[in-house]
Amino acid sequence: MTAYVPTDDGWIFYHTEVAESAGGRGVGSALVAEALKAVADDGVTVVPTCPFVVNWLEKNGESYATAGGTYRKTTREDIEALRAGLADE
């Protein structure tokens, strides 16, 4: 599972989790890759706060951008929007 909060400026990805039995098998990477592909297809900017998504973009960001995806660094305003979005759940 990868979790996000949608905002006007993008989707804030804040958590990624796979079953413990699937750890170390690339499942998390595949999950994030597919989630971000769907976001890119919708023309939405990724705002990563989840360390796994941040690391994935550090490794794959160039190819993600070449494929049409956009992402940016997290701001203080994003953290506030994330907190507000989680409080609404």
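Just so it is clear, the structure is predicted and the values come from calculations on it, not from any experiment. Residue numbers run from 1 in the order of the sequence given.
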Checklist outcome for this item: When every non-hydrogen atom of Ala40 is compared with those of Gly69, the smallest separation belongs to CB-CA, 3.7 Å
Checklist entry - Minimum heavy-atom separation for Ala35 to Phe13, with atom names? => result CB-CE2, 4.2 Å
Checklist entry - Is any side-chain heavy atom of Val46 closer than 4.5 Å to a side-chain heavy atom of Thr70? => result no
Next on the checklist: In the structure I gave you, are the side-chain heavy atoms of Val47 and Asp9 within less than 4.5 Å of one another anywhere?
Outcome noted: no
Checklist entry - What is the distance from atom CD of Glu77 to atom CG of Leu82, rounded to the nearest 0.5 Å? => result 13.0 Å
Item to check | Side-chain heavy-atom pair Tyr14, Val5 within 4.5 angstrom cut-off | outcome: yes
Checklist entry - When you look at Leu36 and Leu57, which way does the side chain to side chain contact (heavy atoms under 4.5 Å, CB included) test go after all the steps? => result CA-CA 10 Å; Leu36 297 191; Leu57 284 167; 4.0 Å; yes
Next on the checklist: Quick one, Trp11 and Val44 - any side-chain contact, counting heavy atoms below 4.5 Å?
Outcome noted: yes
Checklist entry - If you measure only the distance, is there a donor-acceptor pair under 3.5 Å linking the side chains of Thr74 and Thr49? => result no
Checklist entry - Which of parallel (below 30°), tilted (30 to 60°) and perpendicular (above 60°) describes Tyr64 and Trp56? => result perpendicular
Next on the checklist: Check Arg72 with Asp78, please: is the shortest side-chain N to carboxylate O separation under 4.0 Å?
Outcome noted: yes
Checklist entry - Does Val27 share a hydrophobic cluster with Phe52, counting links as ILVMFWY side-chain heavy atoms below 4.5 Å and allowing steps through other members? => result no
Next on the checklist: Let me confirm one number: the CD-CG distance from Glu17 to Leu31, rounded to the nearest 0.5 Å.
Outcome noted: 10.5 Å
Checklist entry - When rounded to the nearest 0.5 angstrom, what distance separates OG1 in Thr16 from CG in Asn55? => result 10.5 Å
Next on the checklist: If we ignore hydrogens and angles and just use 3.5 Å, is the side chain of Ser29 paired with the main-chain N or O of Gly26 as donor and acceptor?
Outcome noted: no
Checklist entry - Is the closest side-chain heavy-atom distance between Tyr71 and Val39 below 4.5 Å? => result no
